[in-house]
Amino acid sequence: MAPSIMEKTGLSREDAYLIFVHNVQGNLAVNRLLGWRRGPEFAHAQELLGAYSKGGLQAVSSRHDSHSSS
């Protein structure tokens, strides 16, 4: 996943790995919170967190782009 994050954002391997670890740990916590059950609650959480992650990657990419051009 880190190479995919690097490609999408232009981040270094270290920064991309940091984001990857954050996402993995967050996903584990949400699954634990939902009792590891799939269903409407899980689908809603996946949709919500997917949108949050996408927006976060876009924000990081924009931040990286503005720092690179300085």
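As a basis for the values below, the full set of heavy atoms in this structure was taken, side chains included, without hydrogen atoms, waters or symmetry mates.
- Closest approach of Leu34 to Phe42, counting heavy atoms only: CD1-CA, 3.9 Å.
- Grouping Ile, Leu, Val, Met, Phe, Trp and Tyr residues whose side-chain heavy atoms lie under 4.5 Å apart, directly or via other members, places Ile19 in a hydrophobic cluster with Met1, Ile5, Leu11, Tyr17, Phe20, Val21, Val24, Leu28, Trp36, Leu57, Val60.
- Rounded to the nearest 0.5 angstrom, Gln46 CD and Ser53 OG are separated by 9.5 Å.
- When all heavy atoms of Met6 and Arg13 are compared, the pair lying nearest together is SD-CA, 3.6 Å.
- Shown here is Glu41, whose CD atom has no more than 12 heavy atoms of other residues, nucleotides or ligands within 6.0 Å.
- When all heavy atoms of Ala2 and Ala16 are compared, the pair lying nearest together is O-CB, 3.5 Å.
- The CG atom of Asn31 sits 11.0 Å away from atom CZ of Arg37, with the distance rounded to the nearest 0.5 Å.
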